[in-house]
Amino acid sequence: MKYSVFSLLREAFRGHAGWTPAWRKAEPKSEYDVVIVGGGGHGLATAYYLAKVHGITNVAVLEKGYIGSGNAGRNTTIIRSNYLLPGNEPFYEWSMKLWEGLEQDFNYNAMVSQRGVLNLYHSDQQRDAFARRGNAMRLHDVDAELLDRDAVRAMVPFLDYDNARFPIHGGLLQRRGGTARHDAVVWGYARGADLRGVDIIENCEVTGFDIAGGRVTGLDTTRGSIKAKKIGLAVAGNTSRVASLAGLRLPIESHVLQAFVSEGIKPAIDCVVTFGAGHFYISQSDKGGLVFGGDIDGYNSYAWRGNLPTVADVMEEGMAIWPGLGRIRMLRQWGGLMDMSMDGSPIIDRTPVAGLYLNCGWCYGGFKATPASGWCFAHLIARDEPYEVAAALRLDRYATGALIDERGAGAQPNLH
Amino acid sequence: MNAPHRLAQGGLIDRARPLSFVFDGQAYAGCAGDTLASALMANGVKLVGRSFKYHRPRGILTAGSDEPNALVELRTGPRREPNTRVTTVELYDGLVAASQNRWPSLAFDIGAVNDWLSRFLVAGFYYKTFMCPAKFWEMLYEPLIRRAAGLGRAAGAGDPDHYEKAFAHCDVLVIGGGPAGLMAALAAGRAGARVILADEDFRLGGRLLAERYEIDGKPGTEWVAEIEAELASLPDVRIMPRTTVTSVFDHGQYGAVERVNDHLPVPPEHEPRQRGWKIVAKRAVLAAGALERSIAFGNNDRPGVMLAGAVRAYANRYAAAPGRRVAVFTNNDDGWRTAADAHAAGIEVAAVIDSRAEPPAQFAALGIEVLTGAQVSHVHGGQGVRGIDVVDARGRLTKIDCDVLAVSGGWNPAVHLTCHLGGKPVWSDNLAAFTPGATPPGMHVAGAANGALTLAECLHAGVAAGAMAAVECGFPIASFMMPSAEDEASGVTALWHVEESRAKAFVDFQNDVTVEDIALANREGFSSVEHLKRYTTLGMATDQGKAANVTGLAILADVSGRAIAEVGTTTYRPPYVPVSFGAMTGHHRSRDFRPVRLAPSHQWAEEQGAVFVEAGAWLRAQYYPRDGEKDWLETVNREVTATRASVGVCDVSTLGKIEIEGADAAIFLDRVYTNTFSSLPVGKSRYGLMLREDGFVMDDGTTSRLAPERFVMTTTTAQAGRVMQHLEFCHQVLWPELDVQMVSVSEQWAQFSIAGPRSRAVLRKLVDERYDLSDKAFPHLAAKEVAVGSVTARLFRLSFSGEMAYELAVPARYGDAAIRAIMAAGEEFSMIPYGTEALGTMRIEKGHVAGNEINGQLTARDLGLGRMMSSRKDYVGRVMAQRPALLEPDRPVLVGFRPADRKARLRAGAHFIPLGATVTAANDEGHMTSVAFSPMLGHWIGLGVLKRGPQRIGERVRAYDPVRNGDVEVEICSPVFFDPEGARLYG
Ligand SMILES: Cc1cc2nc3c(=O)[nH]c(=O)nc-3n(C[C@H](O)[C@H](O)[C@H](O)COP(=O)(O)OP(=O)(O)OC[C@H]3O[C@@H](n4cnc5c(N)ncnc54)[C@H](O)[C@@H]3O)c2cc1C
């Protein structure tokens, strides 16, 4: 049933008895043209675009838990296309363009809110680095504004301008950036894919791959073996483990990133603000909770939980820019598993195993990439060639040196 | 002011200490020992809050930190705390609270129209609408939703109170001071263990405070006082009231928050409001008790519908009567206690409605009307209960008048902390509740938190867990006389919701999630508990589902035809109760957010009126303005000119300094630097370039050889830590066989750059005359230990400015004296101090790279330093630097730039576009990395990286800077702007 205010009204008068599941609880078939491993945002978006754009509908998405149980349902929901490097910026801008039409496209309100993303800077050097990035964005026809301190103050007057350890000098603003409702993105893609015939199979963990003559032919799951002509991996924080089942050792480490939400309060902050003299970002959900986070915990881990020093560090950084947070209470904290790559940028590429495709390396920025990642991965799987804006996101770039290192941090995943 | 619902006697309140308070502008009286909840109740205030979505009137449901309904804005002004649970606020004199999320008033709230519209506003309605037209979301829909949502208002202003962080270590951490926790603490304490007993209440005792239990024939509270006295007498037992253990982390770390002064209007001077604790415990005993749950039936959210145990707490502990006529609705024996206690307190009991056919025998004597096999299907009354409808087993409806309905749907063990490291609770059909599954390493669970049913069981379990924890820490078992207490188990038959309900039946009170919402979510396929939670917001309110989760998932199990065990729970996440930013931040705020590192000459520079700038953790003198100078540029120009004309001094102590010693020190340096150091003679310095393993430039600096096996390395200020880390890694992991030791001495030495044609003259006056400083004896790049007065100093002939220059290092404690001595010596040469700006200008004039160029994205070749990459030896980064993309001829390379129009200003961050080309990314050829106004040349100059830059000297490009409306034509030139031959170095 198409979702609209009319269907909602009609159902309201029938006690909402007519709604049907947003996606079927599909049972695995014995064979598919394409199997996507991982029912996060990226996997579901890939299936959606495979069906919608490429007409490939004999597709299954295999998810070991419930869809969105990974990072797709754990992130701080910031979307933006404010990247510096030419290998990244067109890709993220394509994602932003897709976000801008997403809800109408898949008929689900994902609450894409272009409320603006403001990166604060705290020194002349940082200002110039932000100018460099803003100029790069403008050269890609992406909106960017460099604000001085007064302009920032007018926009977010409650920050600490007078007594800060690292004074706020200004900010880089992308007005088209903002947030989206993460779960709704997952459900919207799932529903859209399901409507087009894709099987979404939950509680189905991939445990092995069948590889014959250097080509993948199928996979083993906790719900039996499935044959597949092509297989796409979109398992984010589990990439290194799942790829090892296919004999691949990847330039990916898994790290914990924590996120936090406060008790709900009346509207207090209207855009996304990030702190430049540390690593902290904050926005407010439509429900009223302040959603915030900071750095990864710093050590490799598959445990979905973080530790106390990072909690304290993140909250200190919050107070550092916004002293009025003192009496606001943090309600919930959780962790996700980040697929940190060696240069901090993602990979959408073929693998040495024919028919096996790879989508990973999202670090803590893959939510915003969800639409473009799905789009480009679908294109790669369907056509066996990269979609133009993702052409630089190659697996072999660590060998060739064509790195996409936004922060210049080098081949040390926990520094990105 | 007398409190109409205050019972004439009993309770743990101090009637002799009256307190006055204000709620919603109305003054009331309470007593010491009250919570805000009990004081409101004693005053007959039933309507306390409004729900989140439908703005339904709400009263007090619980008597603890699990309260979902009665949230207020406590205090005013910058101390305003939204969403404060009245049940956890200790009353103090002068307390001011206001209701929230209502307009214009609590009794008349316009937002309540949502309740009438609720048939549209079902779970997830917003996912299905508000999509067209797209931009209306940001313009219209979202602002409206945001305004309606949210609960209380944040203070806005900075928090005036202080907070502290504190750390504690113990053998046994006991969480919860009820009967099980007290026994555990005593058992461990008597055994000699270091014990911390934390309880979130301001009084120990837990449920014993709320019940009329007896232990060893004494009233429960008397027994508690005796145990507390013994605990207090044990030297290694620490009792921490008002302290909630909020979270469990790896390796026995526990987060806790102590509300040190929340029970006072304002914290006393020099005392924190709250303290955030990190407790490291070898063992923990979780004795956090159990939380009662409600039952879902029509209008079960009306003010006056309360949990049965809470009704007892108000009556017994606070001598506050929740109403005049109480009905009890229960599915278990425990609910009957409420009837008994209310009766004993002189509150009329209208009836007990027990959903089970067989009520417990022991209460028969009360002579109260009992309806068995019956259920409450409806509550009458809007802003307060006026009566209830009861359906019996045969479907007959009875209406009962009452103003309070006490509900007990059973008890959920407080398993939360057992889940923080991934433990999953397990369902017990017998208890109709989840009990702890795998617990965090080192944690024992005792008492009601573990599903213990009777007081006697709790006491025993507490002793066992405390003794076990102590034994595991290596203490003996202490002898124990087990106290005697009631041992009658409370039977329960699960009942989650009442089918016959006509009106909305709430599961999550705060978030307005109803039974219907759960059914709808299930119909739409959101049948995993996590999907249910996310789709309906069940359990996402400020109580994190303490009051709602188990009931919600039981109903989900019901509507989806699964067993509760199969449905499982959502993850219980930290913190157990919400934690303020203040408590987690402690003193790390405002200017104390991070420590400040001050250069040794800081005080002196301050006296000179220097302007300081943050450089990482350092504060450095940026420039030294003089009277009459109109802006920073004029000052900096003077500093540069004066230095180049005569002599200037700059504190460069912030540079990283690493002392490297050992037989293999030279080999080590050869391996970490691209260029060779083994050939460096003793008494000489050399500029070195270091790559990361991935072949990009990591850092640069000079290293001097003080003795055959002894070097001192300098790093940039920014990379000091990272270089040290890198060297340690190289030694410990890559080449442990090398005989080399290193230590950071950045803090040990104060170092001053003395630059300019008269620098030698100044030094001559400072350095002991037995040292020959002539150009011949102490040439450029010489390094030597010298005596300055009685101090052994190090003198290096190094130049960043391009002038003849020295760096003089003295032990840091002489730094202040040194700068004063240097300035005194330089007076006759008109010596000036210069700051980081002039330093930067001079290095740009000389084309030296710094942090803007060594940005982690550029190679040695990109920086024009390719010739420093030795081809005769191996070094870190050599192999990776040969990757094809790093050798591309098209890579941007460092060159200099000057504005075609010499009056134009340059800005770093501008991108280079060929003249006449369209401004698109495809034509982006590089960017400006650093700029300065050169007083020597009289115009702006810049360094930048440009594709094939060195081959394009003389060509012009655009420096395009749209974010600052900049677009300047610039000429490509050599990066060395001043004294290209370097003649000035030699003085
Ligand atoms: C705390 C946090 C904050 C973040 N904040 C932001 C942000 O503000 N902005 C932003 O852009 N990004 C953010 N991110 C990053 C972003 O969430 C991720 O990069 C992105 O969601 C990853 O793609 P995904 O949605 O497909 O991954 P996931 O949702 O993790 O999907 C991977 C799926 O694969 C499944 N899976 C794994 N192994 C198997 C197997 N063997 N068989 C079957 N299924 C398997 C997993 O269960 C999981 O559902 C954040 C991440 C975290 C954790």
Side-chain angles (χ1 to χ4, degrees), chain A residues 3 5 8 12 16 19 21-23 66 86 103-104 108-109 113-114 128 131-132 134-135 138-140 144 146 158 163 165-166 183-184 263-268 286-288 307-308 312 315-316 318-320 323-334 400-402 405 408-411, chain B residues 81-83 119-120 122 127-131 138 142 145-146 149-151 153-159 249 253 255 520 523-525 528 530-531 534 542 573-574 578-582 584-585 588-591 593-594 614 692 694 855-857 883-886 908-909 911 921 924 927 962-963:
Chain A
Y3 290 161
V5 67
L8 186 67
H16 297 277
W19 298 114
W23 64 94
Y66 58 94
E103 296 157 314
Q104 293 69 30
Y108 207 87
N109 186 354
S113 169
Q114 296 185 288
D128 292 343
R132 177 187 172 204
N135 288 332
R138 296 280 283 266
L139 286 168
H140 281 100
L146 193 70
F158 45 85
N163 215 12
R165 170 72 179 81
F166 298 103
D183 288 327
E263 293 181 342
I265 51 173
K266 289 291 174 199
D286 289 342
K287 203 167 158 259
N307 268 299
L308 186 55
M315 292 177 76
E316 285 166 10
M319 280 283 273
L325 287 176
R327 303 177 100 83
I328 299 297
R329 288 179 285 252
M330 184 262 283
L331 173 63
R332 204 162 60 236
Q333 69 190 78
W334 62 93
T400 63
D405 187 350
Chain B
E81 291 153 46
N83 310 336
R119 70 160 71 190
F120 308 105
V122 291
Y127 298 126
K128 296 177 178 136
T129 180
F130 302 132
M131 282 177 272
E138 287 84 354
E142 186 172 58
I145 290 175
R146 287 190 67 197
L151 297 164
R153 298 162 303 154
D159 188 345
F249 296 98
Q253 294 188 21
L520 172 63
R523 202 174 307 140
E524 295 195 82
S528 124
E530 282 287 349
H531 282 151
R534 290 152 185 265
T542 58
R573 297 200 184 284
V579 173
S580 70
F581 269 81
M584 293 306 293
T585 299
H588 293 254
R589 52 195 274 204
S590 301
R591 291 194 194 280
F593 162 56
R594 290 290 178 260
E614 297 79 20
R692 293 188 310 229
D694 68 353
N855 64 359
Q857 297 169 325
R883 287 182 286 178
L886 276 64
H911 287 239
D924 187 356
H927 76 281
V963 295

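In what follows, every chain begins at residue 1, and chains take the letters A, B, ... in the order their sequences are listed.
- Contacts between B:Leu151 and chain A at a heavy-atom distance below 4.5 Å involve backbone atoms as well as side-chain atoms.
- With a threshold of 4.5 angstrom between heavy atoms, B:Ala154 approaches chain A through its backbone and through its side chain.
- The two residues B:Ser580 and A:Gly326 have their closest heavy-atom pair at CB-O, 3.5 Å.
- In this structure, the portions of B:Arg119 lying under 4.5 Å from any heavy atom of chain A include both its backbone and its side chain.
- Only the side chain of B:Asp694 comes within contact range of chain A, judged by heavy atoms closer than 4.5 Å.
- Between the B:Gln857 side chain and the A:Asp405 main chain, a donor and an acceptor come within less than 3.5 Å of each other.
- With a 4.5 Å cut-off on non-hydrogen atoms, B:Ser528 touches chain A through its side chain but not through its backbone.
- Interface residue A:Arg138: only side-chain heavy atoms are found under 4.5 Å from chain B.
- At distances below 3.5 Å, at least one donor-acceptor pair connects side-chain atoms of A:Asn135 with backbone N or O atoms of B:Gly909.
- What you find for B:Ala149 and A:Lys266 is that their closest heavy atoms are O-NZ, 2.8 Å.
- In this structure, B:Tyr127 and A:Tyr108 have parallel ring planes: the angle between them is below the 30° cut-off, well short of the 60° mark.
- The contact between B:Arg589 and chain A is made entirely by side chain atoms (from C-beta outward), counting heavy-atom distances below 4.5 Å.
- Residue A:Ile265 comes nearest to B:Pro82 through the heavy atom pair CG2-CG, 3.9 Å, listed as atom of the first residue, atom of the second, then distance.
- For A:Ala411, the parts lying near chain B are the backbone and the side chain together; criterion is any non-hydrogen pair under 4.5 Å.
- Side-chain atoms of A:Glu103 never come within 3.5 Å of backbone atoms of B:Met131 as a donor-acceptor pair (strictly under, hydrogens ignored).
- Looking at A:Arg329, its side chain never comes within 3.5 Å of a backbone N or O of B:Thr542 through a donor-acceptor pair.
- Residue contact with chain B, scored on non-hydrogen atoms closer than 4.5 Å, involves the side chain of A:Gln104 exclusively.
- Of the atoms belonging to B:His588, heavy atoms from both backbone and side chain fall under 4.5 Å from chain A.
- Under the 3.5 Å distance criterion, the side-chain polar atoms of A:Asp286 are left unmatched by any main-chain donor or acceptor of B:Glu142.
- In plain terms, the two heavy atoms of A:Leu308 and B:Gly255 that are nearest each other are CD2-CA, 4.3 Å.
- Checked for salt-bridge contact, B:Glu614 and A:Arg165 miss the test: no charged N lies under 4.0 Å from a carboxylate O.
- With A:Asn109 contributing its side chain and B:Lys128 its backbone, the two residues share no donor-acceptor pair below 3.5 Å.
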